[in-house]
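Remarks on the structure that follows.
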Amino acid sequence: MILNAPVIITIVIFFLTYGLIISEKINRTVVALIGASLILFANVINQEQAIQYIDFNTIGLLIGMMIIVGITRRTGVFEYMAIKAAKLTKGDPLLIMVALAAVTAITSALLDNVTTVLLIVPVTFSICYELEIDPVPFLISQVIASNIGGTATLIGDPPNIMIGSATGLSFMDFASNLIVPILVIFIVTMLILRFVYRKDLITSELSKSRIMELREVEAIKDYALLKKSLLALALTILGFIIHKMLHLEPATVALGGASLLMFISKEEPEDILLAVEWPTLFFFAGLFIIIGALDHVGVIEWVARESIEATGGALVATSMLILWLSAIASSFIDNIPFVATMIPLIQKMGQIGGIENLRPFWWALSLGACLGGNGTLIGASANVIVAGLAEKNGIVITFRGFMKIAFPLMILSIIISSVYIFLAYMI
């Protein structure tokens, strides 16, 4: 690689952007947009090239799902699910912890993990206050479950959305390849958490009876809207399952489902569009431009060549390198910019090494980046959000306290993932 001015400028902007995102001293969306602007002002790429590097399939998919979730959450169905799960356990704190974690994991797979924790955590506080027990074990288990569940599908976690959009892998590709290891990881994780917290989650019979007195039906605020939301959500998920047969992109399915729900719900578009996390979308756009510039000046190709030389292009070695590098890196930095960098890198590795079947690499990246987010309190957006919600309720989840529980579980999940990838694709 020739270190000319465009290469040096792009590398400097890339590392400065990453550094500021990691520091969290400036809003990450502002940082990404400034980085993208500097790329354009430096004439590394022009505006037309920058727009071509933005993955509108990823952005469209996110917008569609945000609208669907934004309308559905108004019905109270998520609160209903949490209370129902708690009552099914007869008020047993350990079983409630597992039940709420299961609801979180399943919902994260079908919607997204950030929205899920925003909906489940407030209900969790209410349940814990009724039981008169520390909510921290519940919160930690739900954070971990949200990242595990989100790994299972195309729409569960932003890294998967990005991978699916870049590679053409379908909803069913993700589900058929990742649900089995994710189920194993979830079950093992819950068994360990039950053992770890077995002495902390003890309550009285009186507290248990108060849980049984909760009326889940009162959580449903709008039955008519609930029916319409479930219909639109079911049709959208069906669309994801068969979108390849229909020759449609996932973004088209998501935006179609969102449009249908907006039409039949008759909600005001101005109110609905407030549910869209526009800062997140512009964060993605800025990142896509910066990574596109790295590709344009040849940095991605150079790193790909070096990686191929390091592993010899061996499928096993390269897959394990991607898996473990993704996991460790995603524990300490946001997994979204990391995955945005890795996607074109893996594509270049395939071209340079003449590797036709890149699927093991994509599953390694997905498992590593999504599960790696469980390593620390800053590893994934859901972690940060839950910590913030806890602080608002007077509860502090420390970085060290979270990592003490979560990091070993993350390492165990990556070991299980390593075994799965080896057995499924290497033998």
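For clarity, every value in this text was computed on a predicted model and none was experimentally measured.
- For the pair V69/M66, no side-chain contact is recorded, criterion being any heavy-atom separation below 4.5 Å from C-beta on.
- Between Y80 and T75, the closest side-chain pair of non-hydrogen atoms is not below 4.5 Å.
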Query - Stepwise side chain to side chain contact (heavy atoms under 4.5 Å, CB included) test for L261 and I264 - result: CA-CA 5 Å; L261 184 52; I264 62 177; 4.3 Å; yes

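- Remark: E391 CD is loosely packed, at most 12 non-hydrogen atoms of other residues, nucleotides or ligands lying under 6.0 Å away.
- Remark: the backbone N or O of P137 is paired with a side-chain donor or acceptor of S141 at under 3.5 angstrom.
- Applying the salt bridge (Lys or Arg N to Asp or Glu O under 4.0 Å) test to residues at least two apart or on different chains, the pairs with a partner in residues 172-190 are D173-K244, D173-R359.
- Between F171 and F240, the two ring planes are parallel [angle under 30°; tilted spans 30° to 60°].
- Note on ring orientation: taking the six-membered ring where Trp is involved, the planes of F125 and Y129 are parallel (angle under 30°, cut-offs 30° and 60°).
- Residues F14 and T341 meet the side-chain proximity criterion, which asks for heavy atoms closer than 4.5 Å.
- Side chains of N335 and S330: a donor-acceptor N/O pair is absent below 3.5 angstrom, by distance only.
- The two residues I336 and L287 make their nearest non-hydrogen contact at CG2-CD1, 4.0 Å.
- Looking at W278 and T29, their side chains never come closer than 4.5 Å, going by heavy atoms from C-beta outward.
- Between atom OG1 of residue T124 and atom CG of residue L100 there is a gap of 5.0 Å, rounded to the nearest 0.5 Å.
- The two residues F288 and Y53 have their closest heavy-atom pair at CB-O, 3.5 Å.
- In this structure the side chain of L118 never reaches within 4.5 angstrom of the side chain of V121, judged on heavy atoms.
- Between Q142 and V386, the closest side-chain pair of non-hydrogen atoms is not below 4.5 Å.
- Of the possible polar contacts, none joining the S366 side chain to the N160 backbone as a donor-acceptor pair under 3.5 Å is found.
- Looking only at side-chain heavy atoms (C-beta outward), E301 and I352 come within less than 4.5 Å of each other.
- Side-chain atoms of N147 never come within 3.5 Å of backbone atoms of A382 as a donor-acceptor pair (strictly under, hydrogens ignored).
- Between the CD1 atom of I414 and the CD1 atom of I185 there is a distance of 7.0 Å, given to the nearest 0.5 Å.
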